[in-house]
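So that the names make sense, note that chain A is the first sequence line, chain B the second, and so on, each numbered from 1. In this text, all values refer to a predicted model and were calculated from it rather than measured experimentally.
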There are 2 protein chains.
Amino acid sequence: MAVKKADRNLDINTEAKILEAARTIFHKKGYAATRTRDIAEEAGINLALLNYYFRSKEKLFDIIMLETMEGFFQSLSVVFNDTSTSLEKKVEVVTESYIDLLLAQPDIPIFLLNELRTHPSEIGEKFKMKQIIMHSVFFKQWQEATKNNKNQIPPLQFMISLMSLIMFPFVACPIIKMVGDLKQEQFNKMMVERKKLIPKWIKAIMKS
Amino acid sequence: MAVKKADRNLDINTEAKILEAARTIFHKKGYAATRTRDIAEEAGINLALLNYYFRSKEKLFDIIMLETMEGFFQSLSVVFNDTSTSLEKKVEVVTESYIDLLLAQPDIPIFLLNELRTHPSEIGEKFKMKQIIMHSVFFKQWQEATKNNKNQIPPLQFMISLMSLIMFPFVACPIIKMVGDLKQEQFNKMMVERKKLIPKWIKAIMKS
DNA sequence: GTCTATAACGTGATAGAC
DNA sequence: GTCTATCACGTTATAGAC
C-alpha cells in the first residue's frame with residue numbers, strides 16, 4: 001500500500017533526521033551563525049529533541065565536522081594510493097572525482113577551511129593528513145617523474161597547486177559569479193569544462 | 001617631551017581605535033562569531049562607546065567590509081589596467097603584490113569569501129568587479145596573446161586559475177601546515193618561493 | 001520519545017551619571 | 001566623550017507532563 005510522503009525524511013529515524021538537518025545548516029552557515037532552532041526546524045522536530053539526542057550544539061557539530069573531514073579526505077587517500085594507475089591518470093581521476101564531489105556539495109571546502117580557522121577543535125588534529133598525502137604512492141610517482149627536471153618543483157608546492165586549481169573556484173564561487181556575470185548553471189558548466197583543462201595544465205607545469 | 005606609551009593606540013582618537021580593533025576581530029573571526037565586547041576590549045574602550053560611535057554591530061561591520069573589499073580589489077584594478085606593461089610583466093606584478101599583501105594580512109581572502117557567502121549584504125553588489133576585471137587591459141592583452149593557440153583557454157578560466165594559485169594557499173593555510181608539518185615561518189617562506197613559480201607555470205599553461 | 005514551557009545564559013544596545 | 005549599570009532580546013539547554 002503506497003504511502004504519500006510530504007517529506008522524504010518521514011521514513012527514517014529521528015536521530016538520522018537531525019543529523020541530516022545539522023549537516024545541511026552547519027555546512028551552509030558555519031557553526032557560529034547556526035541556531036539550534038534552525039536545525040530542529042529543518043529536521044521537522046522539536047528543539048528539545050535535539051538536545052535529548054545530542055546533548056549540545058557543540059557535540060552535534062563535532063559529529064558533523066568529523067564525518068565531513070572523513071568524507072573529504074577519503075576520496076583523496078584512495079586515489080593517491082592506487083598502485084595500478086599512472087601519475088597522469090591519478091591527476092585526471094582526482095580532478096574529475098573532486099569536481100563531481102564539489103558540484104554536489106559546493107559548501108564543503110569553505111565550511112571546512114573556515115571552521116578549521118575560527119573554531120578551535122581537536123578533530124582537525126586527529127587526521128593524519130601528512131601520512132595520507134606526503135607518503136602516498138602519488139607522491140613517490142611524482143618525484144620519480146620529475147627527478148630529471150632541471151628545476152624540480154617541491155612536492156608540496158605541486159600538491160597545493162593541483163588542489164588550488166580544483167577547489168578554489170568553489171570557494172570563490174560568489175565572486176566568480178559576480179565577475180563573470182554567471183548563473184549557477186553556467187558556473188557549474190564551467191567547472192565541468194575544468195575537468196579537461198586542469199590535467200592538461202598540470203602536464204604543462206610538470207614539463208616546465 | 002617624550003611620552004611613554006604602553007599602547008600605540010593612545011595617541012589616536014577613539015573612533016580610529018574602534019575601527020582598527022573591529023578590523024582585527026572581524027577579519028579573524030567573521031561577523032557571526034564576533035562579539036561587540038571583544039572589539040571594545042581590543043580597542044581598550046567601553047562597550048557603550050562602540051555604540052555611541054557606530055550605532056550598531058551591523059553598521060560597524062559594513063564599514064569594515066567595504067574598506068576591505070576596496071583595498072583588496074584596488075591593487076588588482078591598478079595592475080590590470082596599466083597600459084605600459086606587458087602581459088607577462090602583469091602576471092609577475094600581480095603575483096608578487098598579492099602574495100605580499102596576503103603575507104601581511106592572511107585572513108582577508110577567507111574573511112571576504114565566507115562573509116560574501118553567509119552574510120547577505122548589498123555591499124558586495126556595489127562593486128563593479130565585472131568592469132574591473134573582464135574589461136581590463138590585462139584581458140585584452142591576454143586574448144591577443146592567445147588568439148593563435150589551437151585551443152584557446154576561456155579568459156575567465158585563465159583568470160580563475162591565476163587567482164587560485166595565488167590565493168588558495170592562504171585560504172587553506174591551516175590544512176597545508178598540517179599536511180606539510182610546517183610552522184608559520186616555513187609556510188611564509190614557501191609563499192615567497194611561489195612568487196617565482198607561479199609566473200613560470202602561467203607561461204607554461206599559456207603555451208599549452 | 002516527543003512535546004510545551006521555562007530556566008539560564010550570553011549578547012547587542014541604551015539610560016543616565018559624570 | 002566616557003563610563004557603570006541595566007535592559008531587552010535571542011539562544012541554548014533543561015524540567016516535567018504526556
**Study point:** B:Thr118/A:Lys29 under side-chain hydrogen bond (donor to acceptor under 3.5 Å, both in side chains): CA gap, chis, key distance, verdict
**Key:** CA-CA 6 Å; B:Thr118 60; A:Lys29 311 217 278 183; over 6 Å; no

Point to revise | Aromatic centroids of B:Tyr98 and B:Phe72 separated by under 6.0 Å | key: yes

Which donor-acceptor pairs under 3.5 Å do side chains of residues 155-177 of chain A form with protein atoms, sequence neighbours excluded?
from	atom 1	to	atom 2	distance (Å)
A:Gln157	OE1	B:Arg194	NH1	2.8
A:Gln157	NE2	B:Met190	O	3.0
A:Ser161	OG	A:Gln157	O	2.9
A:Ser161	OG	B:Arg194	NH1	3.3
A:Ser161	OG	B:Arg194	NH2	3.0
A:Ser164	OG	A:Ile160	O	2.6
A:Lys177	NZ	A:Gln184	OE1	2.6

Study note, to complete from the structure: Between B:Lys57 and B:Ala32, the two heavy atoms sitting closest are NZ-O, 4.2 Å

Review point. Roughly how far apart are A:Glu42 CD and A:Thr34 OG1, rounded to 0.5 Å?
Key: 11.0 Å

Practice item. Any chance you could lay out the salt bridge (charged side-chain N to carboxylate O under 4.0 Å, His left out) test for B:Glu92 and B:Lys195, step after step, and finish with the verdict? Key: CA-CA 8 Å; B:Glu92 283 171 29; B:Lys195 290 187 195 174; over 6 Å; no

Practice item. Could you list where the contact with chain A starts and ends along DNA chain C, reading 5' to 3', using a 4.0 Å heavy-atom cut-off? Key: C:dG1 to C:dT4

Check your understanding: Can A:Asp38 and A:Arg35 be said to form a salt bridge (charged side-chain N to carboxylate O under 4.0 Å, His left out), step by step?
Key -> CA-CA 5 Å; A:Asp38 296 336; A:Arg35 296 173 308 151; 2.7 Å; yes

Exercise for review: Tell me whether the guanidinium CZ or amine NZ of B:Lys28 lies under 6.0 angstrom from the six-membered ring centre of B:Phe111 and within 45° of its axis.
Suggested key: no

Review point. Separation of A:Ile18 atom CD1 from D:dA13 atom P, in whole Å?
Key: 13 Å

**Study point:** Nucleic acid contacts - residues 47-56 of chain B versus DNA chain D, non-hydrogen atoms under 4.0 Å
**Key:** B:Ala48, B:Leu49, B:Tyr52, B:Tyr53

